Amino acid sequence: MTVFVKIMMGARSAACGFALFLTSATLFAQNAPAQQPAVGLDALTDDKLITDLANRGLTKLLDRAYEVNNVPPQQRGAMQAVVGIKRLADPKLTIRQRDELIPQIVRGVEQALPGLTDPKTLNDNASDLLKYGVEREVSLLEYWGESARSQVPLRPTVEVVIKLLDKSADLAQKQADALANAIAGPNDPRAAKWEQLANVAAQAKYTRHMVDYYLALSMDRVASQQRKDVAAKAAEYLLQFDNADSNVQPQVRMQVAKLHMVRDDFAAAKDVFATIIDGKEIEPKPDVWQQWEARYFSAVSDLLRGDAAATQKGLNDLIAWQSGNLPKDKPSQDRAAAAASMLQYRIHALEADKAPTAEAKQKANAQAVAVLLDLVNKRPDLRSVIFRQLLAKLPPNVDLKTLDPLLLQGIVVRADEERLRPESDTIDAAVIQRGIDAAREVVRRRKGDSAAINAQTVDSDALLLG
């Protein structure tokens, strides 16, 4: 039995009974021989076949299996939801396609949940939906700041992940308990199945409470008491794993610190982040990226409580630390540098919000835009993310002549993404027209010899106009 299962199951009578007969093997010498498990095609029942095809995304074979086995509509819907989750892993999906697919999957899973009855499949689907449908939005909220643009679509996705995990844990626990009461001895092949189910139940329960941080983050910070309640209950549950025996102590402590942060208890968050940075009383020791993350979000805590000076100091200290401690490979350095630029942008934005004069506000905003322009030039792969955050703050009928070049370029990029949609999709003509108008404004300004717009941008936009 793994350490993790012992933590989650050790107090249960079924588990205790199982441990007792493992230490009393001599009492079971007369056990009947176990049945030999089926192998090959004989082991693949219709349900297992359909589930496996859905998990592999083999839609044509899945449709054929539906017909041959007369699968009812409810079960078909369940498997189609699984297929949709698997599609999220397709690297060819654009951000726009992924954003449109996720709500369809959420609706499908909600309808299909009664027909999903395998605990491991439920757990696996929750993990996939977390990885491809939740974590990206969470990263946007953590590194760019909270906004309704990310929170509104994130919340129903997190809620359906929690439903998958809750059902997985409940089914696995019930099945494990039934097996524990039926196991005849230490050589009973059902013992291995019991441990598998116990692991699924324990993992689903643990992950479900880790995911509560995402749920709290998806709620409005200012108006939601529910957000604070969710975070408090999650932290209370996770504290049972804040020990060396759990083998997940660094991850748990990081999540507890972030849960304090979403409750606006920034002093408590910084105290917990400090223990990760120190790392002396944590087993296993926090790795270099966990220490970096603790330093980063300790500075974010200062930002969220409105202290720009403390945040700037934290960022300066972080940059000095990461240059000497993070891996020297380019991807690692680029990742850290981009995150630092995001935080620098947020510091300037905070300074602009708190500026005592119009002149100071204009200066801080100009510094914020300069940071983003530099980041766009260094990391063109982040263009869509950067522009998405900025464009979400624009009023719908803003005068393009009043916008800075970065925002104009964001509108152009958004229109270009629309242009590249598959032929089978409906094109949003208004978005395309908006992009055309923005591109024309860029070209017009360059003709006026605007130093804020480089020639390469003008050439690119002029080509897109065609």
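Note that this is a predicted model, so its numbers are computed, not measured.
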Pairwise distance CD(Q255) to CG(L239) - rounded to 0.5 angstrom: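 If I round to the nearest 0.5 Å, the distance is 12.0 Å.
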
Would you say [X]'s side chain and [Y]'s backbone share a donor-acceptor pair under 3.5 angstrom?
| X | Y | value |
| --- | --- | --- |
| D170 | D166 | no |
| Q97 | T94 | yes |
| T207 | A204 | no |
| K361 | P356 | no |
| Q173 | A201 | no |
| N123 | P119 | no |
| K285 | K280 | yes |
| R98 | L88 | yes |
| E418 | V431 | no |
| S246 | D242 | no |

Under the side chain to side chain donor-acceptor pair (under 3.5 Å) test, which residues partner [X], sequence neighbours left out?
| X | value |
| --- | --- |
| R379 | D381 |
| D99 | R136 |
| S323 | none |
| K378 | D374 |

Pair E159-K163, salt bridge (charged side-chain N to carboxylate O under 4.0 Å, His left out): steps then yes or no: CA-CA 6 Å; E159 288 174 339; K163 289 179 181 178; over 6 Å; no

Taking all atoms of both residues into account, what is the closest heavy-atom pair of [X] and [Y], and its distance?
| X | Y | result |
| --- | --- | --- |
| A415 | I432 | O-CD1, 3.4 Å |
| L154 | Y214 | CD2-O, 4.3 Å |
| I282 | T275 | CD1-O, 3.6 Å |
| P327 | V288 | CD-CG1, 4.3 Å |
| A438 | L400 | N-CD1, 3.6 Å |
| I276 | Q291 | O-CG, 3.9 Å |

Is it the case that over 12 heavy atoms from other parts of the model lie below 6.0 angstrom from the [atom1] atom of [X]?
| X | atom1 | answer |
| --- | --- | --- |
| E236 | CD | no |
| K354 | NZ | no |
| E100 | CD | yes |

Could you tell me whether the side chain of [Y] reaches within less than 4.5 Å of the side chain of [X], counting heavy atoms only?
| X | Y | answer |
| --- | --- | --- |
| L171 | D118 | no |
| I85 | V109 | yes |
| E142 | L217 | yes |
| V369 | L373 | yes |
| V256 | Y213 | no |

Restricting to side-chain contact (heavy atoms from CB on, under 4.5 Å), what partner residues turn up for [X], sequence neighbours left out?
| X | result |
| --- | --- |
| S341 | V371, L375 |
| E351 | A308, I347, H348, A364, Q367 |
| H209 | D212, Y237, L238 |

Derivation and outcome, salt bridge (charged side-chain N to carboxylate O under 4.0 Å, His left out), residues R221 and D264: CA-CA 8 Å; R221 178 186 174 197; D264 292 349; 3.0 Å; yes

Residue pairs fulfilling salt bridge (charged side-chain N to carboxylate O under 4.0 Å, His left out) with at least one residue in residues 297-310, sequence neighbours excluded: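 For residues 297-310: K270-D302, D302-R305, R305-D307.
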
Of all pairs that satisfy salt bridge (charged side-chain N to carboxylate O under 4.0 Å, His left out), the ones with a partner from residues 324-348, not counting sequence neighbours: K330-D334

Verdict with reasoning, R107 to E110, per salt bridge (charged side-chain N to carboxylate O under 4.0 Å, His left out): CA-CA 5 Å; R107 290 192 295 270; E110 289 276 10; over 6 Å; no

Could you list the residues that satisfy ring-ring contact (aromatic ring centres under 6.0 Å, His included) with [X], not counting sequence neighbours?
| X | answer |
| --- | --- |
| F297 | Y143 |
| W289 | W292 |
| F266 | none |

Flag for Q225-D229: side-chain donor and acceptor within less than 3.5 Å: yes

Distance-only side-chain donor-acceptor flag, N316 / Q312, under 3.5 Å: yes

Candidate pair D220 and R227, rule side-chain contact (heavy atoms from CB on, under 4.5 Å), full reasoning: CA-CA 7 Å; D220 181 74; R227 166 178 166 134; over 6 Å; no

Salt bridge (charged side-chain N to carboxylate O under 4.0 Å, His left out) between E293 and K258, intermediate numbers included: CA-CA 11 Å; E293 189 175 3; K258 290 183 177 181; 2.5 Å; yes

